[in-house]
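Worksheet for the structure shown next.
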Amino acid sequence: MDVELQFGCDGVDWTFVFETLKRVGMAHFSPEQHRQAFEASSAAVFAYSGNRLVGFARALSDGACQAAIYDVAVVPEFQRNGFGARLVQALLARLEPCNVILYAAPGKEDFYRKLGFRKMKTGMALFPNAAARAQQGFTD
Ligand SMILES: CC(C)(COP(=O)(O)OP(=O)(O)OC[C@H]1O[C@@H](n2cnc3c(N)ncnc32)[C@H](O)[C@@H]1OP(=O)(O)O)[C@@H](O)C(=O)NCCC(=O)NCCS
C-alpha cells in the first residue's frame, strides 16, 4: 500500500476532511471551517491512495522561530502503515528551523514520541470549551 503526498489544498474534499476528523474522534467543525483553517495554514499536506484521500495534516508557522502542528489524521483502514509518520515528517521538513509544538490526542503520545517529540513540562492551553477538553483528558 502506498500513498502520494500533496502539498496545498487544491481539489480537497472538505466534507471528507470533516467526516474523517469526526470519525476518528478529533475536534471537528464545519467543512467550510476546515477549508478556512487548512487554507490559512502555513503548510498543509494530504495523503492520497490513488484518487482517495486517506490522511492529512497541517501546521502554522512564523517561518523563522515557532510552529505548531494540528489536525493529523489517517482514515482508520489506512492506519499503521506509516502514513501518519510520513505526513508529520513532511510537515517537519517544511517547518525547519522552527521549534514545533503540538498537543497529542490522549493515547497518541507515543506516535509523536517516535517522531522525536517530547512532553512539555510547562505547556498550557486556553480552550473555549475548557470543561469538555478537561473531560477528554487534554488538561487538568
Ligand atoms: C495517530 C495517527 C495519525 C497515526 O497514524 P498512522 O498512520 O496510524 O501511524 P504510523 O503507521 O505512521 O505509525 C508510526 C509509528 O507510530 C506508532 N503508532 C501509531 N499509532 C500509535 C498509537 N496510537 N500509539 C502508539 N504508537 C503508535 C506505530 O506503531 C509506528 O511505530 P514504528 O515506527 O515503531 O513502526 C492515526 O492513528 C490517526 O489518525 N488516529 C486518529 C486521529 C488522531 O488521534 N490523530 C492524532 C491527533 S494529535
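Whatever order the structure lists them in is the order used to number ligands and atoms, beginning at 1. Each residue takes its place number in the sequence, starting with 1.
- Residue Gly107 approaches ligand 1 through these ligand atoms, each under 4.0 Å from one of its heavy atoms: 23 (N), 24 (N).
- Distance from atom 3 (C) of ligand 1 to its nearest protein heavy atom, with residue and atom name: Val72 CG1, 3.8 Å.
- Counting only distance, with no hydrogens or angles, the side chain of Gln6 and the backbone of Asp10 share a donor-acceptor pair below 3.5 Å.
- Val74 and Tyr70 end up in different hydrophobic clusters when Ile, Leu, Val, Met, Phe, Trp and Tyr side chains are linked at under 4.5 Å.
- For ligand 1, the polar-atom distance check finds an N/O of Arg80 within less than 3.5 Å of one of the ligand's N/O atoms.
- Minimum interatomic distance between Leu87 and Ala73 (heavy atoms only, all atoms of both residues): CD1-O, 4.1 Å.
- Here Asn81 has backbone heavy atoms under 4.0 Å from ligand 1, and that is the only part of it that gets that close.
- Between the side chain of Ser61 and the backbone N or O of Ala67 there is no donor-acceptor pair closer than 3.5 Å.
- Residue Phe83 approaches ligand 1 through these ligand atoms, each under 4.0 Å from one of its heavy atoms: 7 (O), 12 (O).
- For ligand 1, one of its N or O atoms has an N or O atom of Lys108 under 3.5 Å away.
- Counting heavy atoms from C-beta on, the side chains of Gln33 and Trp14 never come closer than 4.5 Å.
- Protein heavy atoms all stay at least 4.0 Å away from atom 35 (O) of ligand 1.
- Heavy-atom proximity to Gly82, at under 4.0 Å, picks out these atoms of ligand 1: 10 (P), 11 (O), 12 (O).
- Between Ala105 and ligand 1, not a single N/O pair is under 3.5 Å apart.
- When only non-hydrogen protein atoms are considered, atom 5 (O) of ligand 1 lies nearest to Gly84 CA, 3.5 Å.
- Note: Tyr103 and Phe127 meet the aromatic proximity criterion, with ring centroids under 6.0 Å apart.
- Summary of contacts: the protein heavy atom closest to atom 15 (C) of ligand 1 is Lys114 CD, 4.0 Å.
- Of the N or O atoms in Val24, none lie within a sub-3.5 Å distance of an N or O in ligand 1.
- Of the protein's non-hydrogen atoms, the one nearest atom 25 (C) of ligand 1 is Asp110 CB, 3.6 Å.
- Leu60 and Val45 end up in different hydrophobic clusters when Ile, Leu, Val, Met, Phe, Trp and Tyr side chains are linked at under 4.5 Å.
- Arg52 and Glu4 are not joined by a salt bridge, as no carboxylate oxygen comes within less than 4.0 angstrom of a charged side-chain nitrogen.
- Of the protein's non-hydrogen atoms, Phe111 CD1, 3.5 Å is the one closest to atom 16 (O) of ligand 1.
- For Glu39 and Arg35, the salt-bridge test passes: some basic side-chain N is under 4.0 Å from an acidic carboxylate O.
- Within the 4.0 Å heavy-atom criterion, the part of Met26 lying near ligand 1 is the side chain and not the backbone.
- In terms of protein heavy atoms, atom 40 (N) of ligand 1 is closest to Gln79 NE2, 3.4 Å.
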message: Applying ring-ring contact (aromatic ring centres under 6.0 Å, His included) to Tyr48 and Phe83, what does each step give before you reach the verdict?
response: CA-CA 10 Å; Tyr48 285 91; Phe83 302 147; over 10 Å; no

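- If you look at Tyr112 next to ligand 1, the close heavy atoms, those under 4.0 Å, all belong to the side chain.
- Considering only non-hydrogen protein atoms, atom 39 (O) of ligand 1 sits nearest to Val74 N, 2.7 Å.
- Residue Ala85 has at least one nitrogen or oxygen atom sitting less than 3.5 Å from a nitrogen or oxygen atom of ligand 1, judged on distance alone.
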task: Quick one: do Phe38 and Phe56 satisfy ring-ring contact (aromatic ring centres under 6.0 Å, His included)? Show the steps, please.
output: CA-CA 10 Å; Phe38 273 83; Phe56 45 80; 5.7 Å; yes

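- Residues Arg133 and Asp140 are not paired through a salt bridge, judged by the lack of any N-O separation under 4.0 Å between the basic side chain and the carboxylate.
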